[in-house]
Chemist: 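Got a structure for you, written out below as structure tokens; questions coming shortly.
Throughout, residue positions are numbered sequentially from 1 according to the sequence presented.
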Amino acid sequence: MAATERIPVKEKIGYSLGDAASHIVFDSSVAILAYYYTDIYGLPPAVMGTMFLLVRLLDAITDPIMGAIADATSTRWGRFRPWLLAICIPFAVSCVLVYSIPDFTETGKIYYAVGAYIFMTLMYTAINIPYCSLGAALTSDPRENLSLQSWRFAITPIGGALGTACILPLADYLFPGDRATGIQVAMGIFGVIGCLMFLVCFLTTKERVQPIKEENLNIARDVKILFRNDQWRILSVYNFMMLVAVVIRGGAVVYFVNTVLNKGADIISIFMLGGMLASMFGSVLAQPFGTRFCKVKLSFWINILNAVLGVACFWLPLEFWIIPLIAHVLIQIVQGGNGALQWSMITDANNYGEWKTQRRITGMNVAANIFVIKLGVAIGGAILGWVLAWFNYESNSEVQPESAVQGVILLFTLIPSLFYLLTAFSIKFYGLTENVMNGVVRDLNKGEFAKE
């Protein structure tokens, strides 16, 4: 089968389930983990934010190593698929460990939290980089890849819902009055479900796009090749800014419902589930809009719109929780389209890099993008914790000072809007339009490359 042939719907669904499994961890890290560490585990907000940042800096080492290893892998199943089988069980174990509370001293609990978070981060890296690289190995056709990513981000919220909307109600149902144990058991159940999703992904996908030439593992060389890709550098700024915005706002949802709206787990779940369904709808819209309009321009206006909606949220009346819920759903619809476009552009940048440098380093390219994304997650989480601390948010307290309430409102509205504006500004410099990519893919299919 040619690398530009249409991918069967069955394969698109199977591939998408792999990301649904990954998002059990990713979405819970964005939306629930900060709340868990401050209000259940008992970490001070500043400690939580700093831990998120420092641990994620390890990804600067582990991500490119994993990308290079994936690129150098050679089996009868391909380069990337075998890792889904090898890491899915340790990945599930890490879900349980990070949501466990040991009977340690306060200092010991901090060390345990850091260790468990590092282990989960390593397992996420080891399985998610090969998974994301697999998408670029299924097809090199830009439109077919956009279709693949639209399916992916329409199905991904299934895993996200498990890690966000379902975890608190299930925890309270399984262990009434003991939310800590309930969350631990719920994440164990979700980890098993994630393993099954990765297995389906492995069984239903096929790697078609092969590297032009095979070379020995050389991380330093591949990093140099990566930085020769000017479009990857631009896209990295875009990815970073967007994820900072997503994480700040996503992490603030639980605090907003608890502290500002004074509602409990049932309304939190409605916000989470409503956001997930809205994101799925936005992902479905990404393909028809991305096919009709230039996806670079579309991404610009998506981020402008998200910034405007965030500012509008700041002025909303808060007497009725349904009003901010509607605003939240609207933002998530818009953001849902962002994800599919983002990963379609990452694949385009990978193909462009091969065309420009005559070497296909899919694993390294994806690893670098994931590191930038996770750095955005780390900075976003750190800002979340630091702002809470600055506005005197008190861990494990049912009543917060007025300053903390104002801080949470800013985290839910104006602060992420600033980063959405920066995201929109950065994509203005990105040049891989559909016409450019069609020319790049034609050259690659003929074995031709950029002129020196």
Chemist: Without hydrogens or angle criteria, can the side chains of K12 and S147 be said to hold a donor-acceptor pair below 3.5 Å?
Modeler: yes

Chemist: Check whether any side-chain heavy atom of F52 lies under 4.5 Å from a side-chain heavy atom of V377, and answer yes or no.
Modeler: no

Chemist: Can you tell if the side chain of L410 reaches within under 4.5 Å of the side chain of V387, non-hydrogen atoms only?
Modeler: no

Chemist: Between Y99 and S28, is there a side-chain donor-acceptor contact under 3.5 Å, judged purely by atom types and distance?
Modeler: yes

Chemist: Can you find a heavy atom in the side chain of L53 that is under 4.5 Å from one in the side chain of I379?
Modeler: yes

Chemist: Is it true that the side chains of Q335 and N338 contain a donor and an acceptor less than 3.5 Å apart?
Modeler: yes

Chemist: Between atom CZ of F80 and atom CD1 of I127, what is the distance when rounded to the nearest 0.5 Å?
Modeler: 14.5 Å

Chemist: Kindly give the heavy-atom pair with the smallest separation between G431 and Q231, and that separation in Å.
Modeler: N-OE1, 2.7 Å

Chemist: Parallel, tilted or perpendicular: which one describes the rings of Y117 and Y37, with boundaries at 30° and 60°?
Modeler: perpendicular

Chemist: Would D230 and Y352 count as having a side-chain donor-acceptor pair, cut-off 3.5 Å?
Modeler: yes

Chemist: Strictly by modelled atom types, are T181 and D178 linked by a side-chain donor-acceptor pair under 3.5 Å?
Modeler: yes

Chemist: Centres of the F91 and F198 rings: under 6.0 Å?
Modeler: yes

Chemist: Any carboxylate oxygen within less than 4.0 angstrom of a Lys/Arg side-chain nitrogen, looking at D348 and K295?
Modeler: yes

Chemist: Would you indicate whether F425, at its atom CZ, is surrounded by more than 12 heavy atoms from other residues, nucleotides or ligands within a distance under 6.0 Å?
Modeler: no

Chemist: Can you tell me how far apart OG1 (T139) and CD (E11) are? Round to the nearest 0.5 Å.
Modeler: 9.5 Å

Chemist: For the residue pair F429 and Y238, is the inter-centroid distance of their aromatic rings smaller than 6.0 Å?
Modeler: no

Chemist: Got a second to check how far E207's CD is from W77's CH2, nearest 0.5 Å?
Modeler: 12.0 Å

Chemist: Do L97 and Y112 have side chains that get closer than 4.5 Å, going by heavy atoms?
Modeler: yes

Chemist: Contact between Y420 and V246 at the side-chain level, heavy atoms closer than 4.5 Å - yes or no?
Modeler: yes

Chemist: Just by distance, no angles: are the side chains of T125 and K374 close enough, under 3.5 Å, to form a donor-acceptor pair?
Modeler: yes

Chemist: Nearest heavy-atom pair of S426 and V237: which atoms, and what distance?
Modeler: CB-CG1, 3.8 Å

Chemist: Other residues, nucleotides and ligands only: do more than 12 of their heavy atoms fall within 6.0 Å of CZ on F281?
Modeler: no

Chemist: Please determine whether side-chain contact (heavy atoms from CB on, under 4.5 Å) holds for the pair E144 and I7, giving the CA-CA distance in whole Å, both sets of side-chain angles, and the decisive distance to 0.1 Å.
Modeler: CA-CA 7 Å; E144 192 64 11; I7 302 174; 3.7 Å; yes

Chemist: Can you tell me how far the CD1 atom of I155 sits from the CZ atom of R152, to the nearest 0.5 Å?
Modeler: 11.5 Å

Chemist: Quick one, L148 with L138, criterion side-chain contact (heavy atoms from CB on, under 4.5 Å). Give me CA distance, side-chain angles, the key distance, then yes/no.
Modeler: CA-CA 9 Å; L148 177 69; L138 299 184; 4.0 Å; yes

Chemist: Please report the closest heavy-atom contact between S100 and Q184, naming both atoms and the distance.
Modeler: OG-NE2, 2.7 Å

Chemist: Evaluate the ring planes of Y255 and Y35, with Trp represented by its six-membered ring, and classify them as parallel (under 30°), tilted (30 to 60°) or perpendicular (over 60°).
Modeler: perpendicular

Chemist: Which residue in the set N128, T75, T73 passes side chain to side chain donor-acceptor pair (under 3.5 Å) when paired with W83?
Modeler: T73

Chemist: Testing the basics here: between L411 and I248, what is the closest heavy-atom pair and its distance to 0.1 Å?
Modeler: O-CG2, 3.4 Å

Chemist: For residues T121 and L58, determine if any side-chain heavy atom of one lies less than 4.5 Å from a side-chain heavy atom of the other.
Modeler: no

Chemist: Report yes or no: is the cationic atom of R249 (NZ for Lys, CZ for Arg) closer than 6.0 Å to the six-membered ring centre of F412, at no more than 45° off its axis?
Modeler: yes

Chemist: Do V47 and T50 have side chains that approach each other closer than 4.5 Å (heavy atoms only, starting at C-beta)?
Modeler: no

Chemist: CD1/I40 to CD1/I183 distance, rounded to the nearest 0.5 angstrom?
Modeler: 3.5 Å

Chemist: At their closest point, which heavy atom of Y131 faces which heavy atom of C201, and how far apart are they?
Modeler: CE1-SG, 3.8 Å

Chemist: Which pair of heavy atoms, one from R81 and one from T205, lies closest together, and at what distance?
Modeler: NE-O, 3.2 Å

Chemist: I'd like to know whether CD1 of I89 has more than 12 heavy-atom contacts from other residues, nucleotides or ligands below 6.0 angstrom.
Modeler: no

Chemist: Would Y430 and S299 satisfy side-chain contact (heavy atoms from CB on, under 4.5 Å), going step by step from the backbone distance to the final call?
Modeler: CA-CA 11 Å; Y430 183 75; S299 182; over 6 Å; no

Chemist: Examine F227 together with W232 and report whether their ring centres are nearer than 6.0 Å.
Modeler: yes

Chemist: Rounded to the nearest 0.5 Å, how far does OG1 of T204 lie from NZ of K10?
Modeler: 7.0 Å

Chemist: Hey, mind stepping through D27 and M276 against side-chain contact (heavy atoms from CB on, under 4.5 Å) and telling me if it holds?
Modeler: CA-CA 10 Å; D27 285 19; M276 290 294 127; 3.5 Å; yes

Chemist: When you measure from the side chain of N351 to the backbone of V440, do you find a donor-acceptor pair of N or O atoms at a distance under 3.5 Å?
Modeler: no

Chemist: Is the shortest side-chain heavy-atom distance between L168 and I268 below 4.5 Å?
Modeler: yes

Chemist: Could you check Y111 against F104 for ring pair (Phe, Tyr, Trp, His ring centres under 6.0 Å), going step by step and ending with a plain yes or no?
Modeler: CA-CA 10 Å; Y111 284 132; F104 293 164; 9.9 Å; no

